[in-house]
Amino acid sequence: MIRAVLAGNPNVGKSTVFNALTGLRQHTGNWPGKTVETKTGTFRHNGHTVEITDLPGAYSLRPHSPEEAVAGDFLRENCTCEECGRLDCVVIVCDAAALSRNLILVLQILEMTPRCVVCVNLMDEAKKRGIAVDTDALSRLLGCPVIPCAARRKEGLSALQDAIVQTGTETGNTGMPASAYDDIPARAQAIAEETVHTCPDTAYRRDMLFDRIFLGKWTAYPIMALLVLGIFWLTIHGAGYLSAGLEWCFDRILPLCRDLLLICRLPEAVVSFLADGVLGTLTQVIAVMLPPMAIFFPLFTLLEDLGYLPRTAFCLDRLFCRCGACGKQALTMLMGLGCNAAGVTGCRIIDSPRERKLAILTNCLIPCNGRLPMVLFLTGTLTVLATGYEASGGLQAVLLTGTLFLCTTVTLALCHILSSTLLRGTPSAFALELPSYRIPRVG
Ligand SMILES: Nc1nc2c(ncn2[C@@H]2O[C@H](COP(=O)(O)OP(=O)(O)OP(=O)(O)O)[C@@H](O)[C@H]2O)c(=O)[nH]1
Ligand SMILES: [Mg+2]
C-alpha cells in the first residue's frame with residue numbers, strides 16, 4: 001500500500017484530481033476554501049494500491065486559517081514523524097496559470113520531504129490564457145517529477161498515477177536536500193520566470209475586460225442586481241410551466257393510484273387517506289417546490305462555475321467590513337439562498353471565529369429556496385391587495401429581488417449591531433482570491 005496525499009493552494013483542482021483518481025465524489029466548485037477536512041480514498045495502478053488523502057487548500061505551511069492549519073499539521077506530522085508512518089508521496093497540485101505563487105508551497109514541502117510529485121493542473125485554462133509551462137525544466141529545477149494535467153478533462157492522470165507509484169515505491173531519499181532555500185518567495189519567482197512563458201492572448205484580455213466590468217465602481221452593483229433579477233425571472237417563469245406540466249401528470253396518475261387501491265379491496269376511508277391525503281399532498285408539494293429548485297440551482301451553479309460568486313463576495317467586502325463582518329459572508333448568504341443549512345455549514349470558510357459567528361447567526365435572514373414560494377405568495381397577495389391586479393412574472397421577479405435586498409440590508413444592520421455590542425472586534429482583511437472565469441464544459 002502506497003500512502004499519498006494531495007496538497008496545494010486553494011481552488012487549484014485538488015479535489016477534482018482526487019475524484020478522477022479514486023472515483024469518489026468530493027465537493028468541487030470554483031471558489032477557494034471548499035474542502036475543510038481531509039478525505040481519503042484509494043485507487044489501483046500497475047498492481048499497487050494507493051491510499052490518497054485530499055487536503056484543504058493552503059497558501060503556505062504557516063497557516064492563516066483553520067483549513068490551512070489542517071493541511072499544514074497533516075503534512076508536518078506525516079512527512080517528518082517516523083512513528084506516524086511517513087507518507088510515501090506528496091502530490092502538490094498547482095495552478096498552471098499562477099505558478100509563481102503556487103511554487104512557494106511546493107518549495108516549503110520539498111524542504112520537508114523529497115518524495116514529491118508536482119501536478120501542474122489547469123493546463124487547459126493556462127493554454128486559453130496564453131500561458132505555457134516548461135514542465136521538463138521545472139522538473140529539473142525542483143528535482144522531482146512534474147506532470148502537466150487538466151483534471152476536469154481527465155488529461156494527464158495516467159502519467160500522474162505512474163509518477164505517484166514510482167515515487168511511492170522508490171527506496172531511499174532522492175531529490176533536493178532539506179533547507180536548501182533561504183528566500184522561498186524570491187526563489188519561487190525565479191523558477192517561475194525561467195519556466196513560464198506568457199503571451200497574453202484574447203482569453204486573458206477577455207478575463208481582464210470581464211473583471212473591469214463585473215468589478216467596476218459603477219457597474220458592479222447594477223450588474224449584480226440585474227443578474228439576481230434575471231435568475232428570479234427565469235425561475236418564476238420556468239417554474240410556472242414546469243408546475244403546470246407536473247400537475248397535468250399527477251392529475252392523470254392519482255386516479256390510477258386510487259383505482260389500484262380500490263382493486264386491493266381497501267376500505268374507502270383508507271383509500272381516501274392514502275390517495276387524497278398522502279399522495280395528493282405529496283404531489284402538490286412536489287409540483288410547487290420542485291420546479292423553482294430545478295431551475296434555480298443549475299443557474300446558481302453556473303454562476304459559481306463561471307467564477308462570478310467570489311466576485312460578488314469581493315464587491316460586497318467593503319460593505320460587510322464597514323458593518324464589522326467579512327466579504328466571504330456574501331458567499332455563505334448566497335449558499336443560504338439555496339439552503340440555509342448549507343449556508344450555515346459553508347460559514348466554515350470564514351477564517352475569524354467572530355465573523356464566522358456573525359455569518360451563522362444572520363444566515364437565516366436570507367430566504368432559502370424552500371421559503372421562496374412563500375415569499376412569492378406574500379408579495380403576490382400584497383400586490384393584489386394594493387393594486388387590485390395580479391402581478392406579472394416580471395413584477396414578481398422585481399418584488400423578489402427587492403425582498404432579497406431588504407433581507408441583505410437587515411443582515412448588514414444586524415451585523416453592525418452585533419459587532420458593536422455582543423460580538424465586538426475588528427474585521428480581518430479580505431483573503432478571498434478571485435478565480436479565473438472558467439466556462440464549464442457541457443456533458
Ligand atoms: N478548466 C478546468 N477546470 C478545472 C480543472 N481542475 C479543476 N477545475 C475546476 O476548478 C474548480 C476548483 O476545483 P476543486 O477541485 O474544488 O479545487 P480544490 O483545490 O479542491 O479547492 P479547495 O478545496 O477549495 O482548496 C472547480 O470548478 C473545478 O471544476 C481543470 O483541469 N481544468
Ligand atoms: Mg478541495
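Order of appearance sets the numbers: ligands from 1, and atoms from 1 within every ligand.
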- Give the C-alpha distance, both sets of side-chain angles, the deciding distance and a yes or no for side-chain contact (heavy atoms from CB on, under 4.5 Å) between L142 and L107. CA-CA 8 Å; L142 294 175; L107 295 175; 3.7 Å; yes
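Judged purely by atom type and a 3.5 angstrom limit, R322 has no side-chain atom pairing as donor or acceptor with the backbone of H416.
Of all the atoms in ligand 1, the ones that sit under 4.0 Å from a non-hydrogen atom of P10 are 25 (O). Set against the non-hydrogen atoms of G57, the atoms of ligand 1 under 4.0 Å away are 25 (O).
Heavy-atom minimum distance, A220 versus Y308: O-OH, 4.4 Å. In terms of heavy-atom proximity, T219 sits nearest to R212 at OG1-O, 3.9 Å. Of all heavy-atom pairs spanning N9 and R101, the tightest one is OD1-NE, 3.1 Å. Nearest approach of R354 to S419, heavy atoms of both residues: NH1-CB, 3.3 Å.
The pair K127-D124 does not count as a salt bridge, with every side-chain nitrogen at least 4.0 angstrom from each carboxylate oxygen.
For residue S15, an N/O/S atom approaches the Mg ion (ligand 2) to within less than 2.8 Å.
Ligand 1 lies less than 4.0 angstrom from a heavy atom belonging to A151.
Both the backbone and the side chain of N11 come within contact range of ligand 1, each with a heavy atom under 4.0 Å.
Taking only nitrogen or oxygen atoms, main chain and side chain alike, V12 reaches within less than 3.5 Å of ligand 1. In terms of polar-atom proximity, D54 is not counted as a contact of ligand 1, lacking any N or O under 3.5 Å from an N or O of the ligand. In terms of polar-atom proximity, C149 is not counted as a contact of ligand 1, lacking any N or O under 3.5 Å from an N or O of the ligand. Taking only nitrogen or oxygen atoms, main chain and side chain alike, R153 does not reach within less than 3.5 Å of ligand 1.
When the heavy atoms of E125, R152, K14 are ranked by distance to atom 29 (O) of ligand 1, first place goes to R152. Nearest to atom 3 (N) of ligand 1 by heavy-atom distance, out of N121, L306, V93, L122, is L122.
Partner N121 forms a side chain to side chain contact (heavy atoms under 4.5 Å, CB included) with one of V12, I147, V93 and no other, that one being V93.
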